[in-house]
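Heads up: the structure comes next, in structure tokens.
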Amino acid sequence: MTKATEEREELISSIREGVAGVVKQFDADYWLERDEDGHFPEEFHRAMADGGWLGITMPEEYGGSGLGVTEAAVMMHEVAGHGGGMAAASSVHINLFGPHPIVVFGTHEQKSEWIPRLVSGQDKVAFGFTEPDAGLNTTRIKTFAEKVPGGYRVRGQKVWTSTAQVASKIMLLTRTTKYEDCKKPTDGITIFYTDLDRAHIEAQRIPKMGRKAVDSNAVFIEDLFIPEEHRIGEEGKGFSYILHSLNPERILVGTEAVAIGRDALGRAARYAKERIVFDRPIGMNQGIQHPLAERWMYLEAAWLMLMKAAELYDVGKPCGAEANSGKFLGARAGYDACLQAVLTHGGFGYAKEYHVERLLREVTVTRIAPVTEQLIQSFIAEKVLDLPKSY
Ligand SMILES: Cc1cc2nc3c(=O)[nH]c(=O)nc-3n(C[C@H](O)[C@H](O)[C@H](O)COP(=O)(O)OP(=O)(O)OC[C@H]3O[C@@H](n4cnc5c(N)ncnc54)[C@H](O)[C@@H]3O)c2cc1C
């Protein structure tokens, strides 16, 4: 092993151990309580901020650690893999690459004002991208920012905006030119980072299947004034800016799904050794062992694809196919492992106290967001297999 590889291995294992040290203070029962009361895990978020983990990918100049997506993936694997699932992951995940458009396209003043507050956990940011009438066709968003003296006046509607109940900031994707008036569908989109001003932004919580502790909302924006200084980069170029954070986000969601799957698989294997039926542990039966062994293999394979995508991203190489595939495979492998864990527990798999039914509910969203399986398949068909665009 070369010295550089050795140092890298050391860094990775120190991240793994450091994050696990914080995460393990919040056991599965803590997350079960949050699943019941729906309260944002403030103590957990604070502990992660105090440990300096929220700034892992942020530039050192602005208080972060300046590390890459590989390190962030290792961190998020620990965050999601000790009983907290997506509730734990989503409470901190957005900090890692969500603000990337600010890092890449923001001015020095914007970065100095906004990034240290995100790193220290003083600010939480919600992402207002998805709209009810546009769905995955982002260029069809209608939230409109009209130019007025000193800034913009915004009105529109967003849906699924996570953390809007607790966030102090919102990253908002808007149109500044109507779709019909643009040469290309991706033109005329502008991105802002601004205060989540509740006098003009109403967030209505959406009751949902899992990740109850991290709220998702229908958001109504009426007559919101955004000063010009809160616009990121140039007007009309926002679509190209958000592309910068898409691949890292996919890699992180994929690793979170693998982590949840591994957590569930571990719980299933332990239960299979302990549960005695017909005078022997159920884990002695191949009908119990084999599906668990198979799930392990799929989880490992997904992890390798995710690490490949992360390495490519970190050295600045194209990684769209690998990041999308890693997210697809990770989410599938994670979901299948959680389902098998529920089945392995028999009736008790359905009981909350064994946590695996919750992990199954938590992991399901990774198959849907931030992009669905169908859209990933269409992407691979078109971009890798050179088949005609299907939509
Ligand atoms: C818990 C949760 C949290 C979220 N958090 C956020 C957030 O913080 N901020 C944010 O902006 N968004 C957020 N989202 C939104 C999420 O990114 C979207 O739900 C997701 O991208 C899918 O979009 P949609 O729901 O509008 O699906 P739709 O676009 O309505 O699609 C519905 C179905 O049709 C399929 N489909 C559509 N078009 C095609 C086609 N051409 N070919 C094949 N299949 C097609 C889709 O794959 C999908 O299965 C969140 C969603 C969830 C569930």
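For reference, positions follow the sequence shown, starting with 1. Order of listing sets the numbers, starting from 1, for every ligand and every atom in it.
- Nearest to atom 23 (O) of ligand 1 among the protein's heavy atoms is L136 CG, 3.6 Å.
- Distance check on atom 33 (C) of ligand 1: every protein heavy atom falls at or beyond the 4.0 Å cut-off.
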Take T161 and N217 through the test side-chain hydrogen bond (donor to acceptor under 3.5 Å, both in side chains) and record every step on the way to the result. CA-CA 5 Å; T161 316; N217 302 273; over 6 Å; no
Are H230 and T194 close enough, and set up right, to give a side-chain hydrogen bond (donor to acceptor under 3.5 Å, both in side chains), and what steps lead you there? CA-CA 6 Å; H230 292 182; T194 194; 2.9 Å; yes
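- In terms of heavy-atom proximity, M86 sits nearest to E256 at CE-OE1, 3.2 Å.
- Annotation: Q374 places an N or O atom under 3.5 Å from an N or O atom of ligand 1; distance criterion only.
- Only the side chain of V365 comes within 4.0 Å of ligand 1, judged by heavy-atom distances.
- Annotation: T130 places an N or O atom under 3.5 Å from an N or O atom of ligand 1; distance criterion only.
- Closest non-hydrogen pair, A337 versus L299, comes out as CB-CD1, 3.9 Å.
- With atom 30 (O) of ligand 1 as the reference point, the heavy atom nearest to it among G135, G98, S390, A126 is part of G135.
- Remark: distances from the non-hydrogen atoms of S216 to ligand 1 include one below 4.0 Å.
- Polar contact check, F127 against ligand 1: a nitrogen or oxygen pair lies under 3.5 Å apart.
- Taking any N or O of P370, backbone or side chain, at least one lies under 3.5 Å from an N or O belonging to ligand 1.
- Protein non-hydrogen atoms do reach within 4.0 Å of atom 5 (N) of ligand 1.
- In terms of N/O distances under 3.5 Å, ligand 1 is not approached by A134.
- Each of the atoms 41 (N) of ligand 1 lies under 4.0 Å from some heavy atom of Y391.
- At a threshold of 4.0 Å, the pair R358-E362 does not count as salt-bridged, since none of the basic side-chain nitrogens sits closer than that to a carboxylate oxygen.
- At a threshold of 4.0 Å, the pair K24-D27 does not count as salt-bridged, since none of the basic side-chain nitrogens sits closer than that to a carboxylate oxygen.
- Looking at ligand 1, you'll find an N or O of S162 within less than 3.5 Å of one of its N or O atoms.
- Residue-ligand proximity, I368 to ligand 1, at heavy-atom distances under 4.0 Å covers atoms 20 (C).
- Under the 30°/60° scheme for interplanar angles, the aromatic rings of H108 and Y62 are found to be tilted.
- Within a 4.0 Å radius of atom 25 (O) of ligand 1, the protein has no heavy atom.
- A salt bridge links E228 to R231: at least one charged side-chain nitrogen sits closer than 4.0 Å to a carboxylate oxygen.
- Between R367 and E373, at least one side-chain nitrogen of the basic residue sits less than 4.0 Å from a carboxylate oxygen of the acidic one, meeting the salt-bridge criterion.
- Considering backbone and side-chain atoms alike, F129 places an N or O below 3.5 Å from some N or O of ligand 1.
- Looking at T372 next to ligand 1, an N or O pair under 3.5 Å apart turns up.
- Nearest to atom 39 (C) of ligand 1 among the protein's heavy atoms is L375 CD2, 3.9 Å.
- An N or O contact shorter than 3.5 Å links W160 to ligand 1 by distance.
- The distance from atom CZ of F220 to atom NZ of K158, rounded to the nearest 0.5 Å, is 13.0 Å.
- Of all heavy-atom pairs spanning L306 and R250, the tightest one is CD2-O, 4.5 Å.
- Shown here for G83 and W31, the closest heavy-atom pair between the two residues is O-CB, 3.6 Å.
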